[in-house]
Amino acid sequence: MRTALISDVHANLPALEAVMLDIERHRPDEIICLGDTVGYGPQPAECLAIVRERCSTVLMGNHEHAVLYGAEQFTPLAQVAIDWTARVLHNSDTLDYMSSLSCEYRRDNLRFVHGSIRNPLLDYVREADSPWAFFHLVRTLQDEFKDFNICFVGHNHRAFLGTEVGYIFPHDNAPVSKTNFHIGDEKAYVSIGSVGQPRDGDWRSSWVMFDGSDVEFHRVEYNREVTIGLIQKAGLPEFLAERLRFGN
């Protein structure tokens, strides 16, 4: 089974279309979306329609949850975008669709969540960028990954992989060209990054292919200026447009 994984589209239709085209070239058996199809961006209905049609499994992200139930704990900019999204989707059946989504999917020794195992909807998984952070990652994998080996996550908008033996990607010693990693029986968090709003210093959309033992990270260019123009036209905060230029 070859599974393509996407997450955090954030209503960025040009990015989603470019990623779907790239995924088609790799001929996966299925596509799974880990949530946050809406929020921040200017085309939520269009992105939801594509994800709903093309993905075998779609999870609820915290932005879908906020559109449905309120965004009290969001930053002011994010709350503006959530309120705008709720208004755009108000008279559509997509709200019923979003409310039907789960925040977790389980299959064999795999888990798929938006946030983390501890809190599938809201918690963040971070890279191990210090000895203490790496220790915390290892303990999490050892203590919480009891009946499964691999958990795929979105939410943090950053593409990386971490295992209990110190296998972190990307990291300072990893070859820039290396994008394929064999996991085997190791326990691992796989953070697949963001389609519509990357925050790892690379503006290109991110997605992941998993074949049962190997994880392959992909980056895809798209026309950012189209999305930036639509964000500005919609009257959404300018910061949401400018951050797409730099991937932060």
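Quick caveat, the model's predicted, so the values are computed rather than measured.
- Using a cutoff of 4.0 Å between basic side-chain nitrogens and carboxylate oxygens, E216 and R2 are not scored as salt-bridged.
- Looking at I183 and V190, their side chains come closer than 4.5 Å, going by heavy atoms from C-beta outward.
- Residues passing the salt bridge (charged side-chain N to carboxylate O under 4.0 Å, His left out) test with R204, sequence neighbours excluded: D202.
- Every residue two or more places apart in sequence or in another chain that forms a salt bridge (charged side-chain N to carboxylate O under 4.0 Å, His left out) with R139 is listed here: D143.
- For the salt bridge (charged side-chain N to carboxylate O under 4.0 Å, His left out) test, no residue two or more places apart in sequence or in another chain qualifies with E221.
- With sequence neighbours excluded, no residue forms a salt bridge (charged side-chain N to carboxylate O under 4.0 Å, His left out) with E238.
- At a threshold of 4.5 Å between non-hydrogen side-chain atoms, the residues H114 and P120 do not count as touching.
- Applying the ring pair (Phe, Tyr, Trp, His ring centres under 6.0 Å) test to every pair with at least one member in residues 228-248, sequence neighbours left out, gives no pairs at all.
- Taking D108 as the reference, nothing meets the side chain to side chain donor-acceptor pair (under 3.5 Å) condition, with sequence neighbours excluded.
- Taking the six-membered ring where the residue is Trp, the centroids of F160 and Y189 are separated by 6.0 Å or more.
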Extract all donor-acceptor atom pairs below 3.5 Å that involve side chains of residues 8-24 and protein atoms in other chains or at least two apart in sequence.
from	atom 1	to	atom 2	distance (Å)
D8	OD1	H10	NE2	3.3
D8	OD1	H157	NE2	3.2
D8	OD2	H155	N	2.8
H10	ND1	V38	O	2.9
H10	ND1	G39	O	3.1
H10	NE2	D36	OD2	3.4
H10	NE2	H157	NE2	3.2
N12	OD1	A15	N	3.2
N12	OD1	T227	OG1	2.7
N12	ND2	G196	O	3.0
N12	ND2	Y222	OH	3.0
D22	OD1	R25	NH2	3.1
D22	OD2	W207	NE1	2.9
E24	OE2	R54	NH2	3.2

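- Not counting sequence neighbours, the partners of R87 by the side chain to side chain contact (heavy atoms under 4.5 Å, CB included) test are D83, W84.
- Every side chain to side chain contact (heavy atoms under 4.5 Å, CB included) that S100 has, sequence neighbours left out, goes to Y97.
- For D214, the side chain to side chain donor-acceptor pair (under 3.5 Å) test picks out H182, with sequence neighbours left out.
- Contacts of L230 classified as side chain to side chain contact (heavy atoms under 4.5 Å, CB included), with partners at least two apart in sequence or in another chain: P42, Q43, V226.
- Applying the side chain to side chain contact (heavy atoms under 4.5 Å, CB included) criterion to L95, with sequence neighbours excluded, gives V67, L68, L89, M98.
- Ion pairing between a basic and an acidic side chain is recognised when a charged N comes within 4.0 Å of a carboxylate O; R245 and E225 show such pairing.
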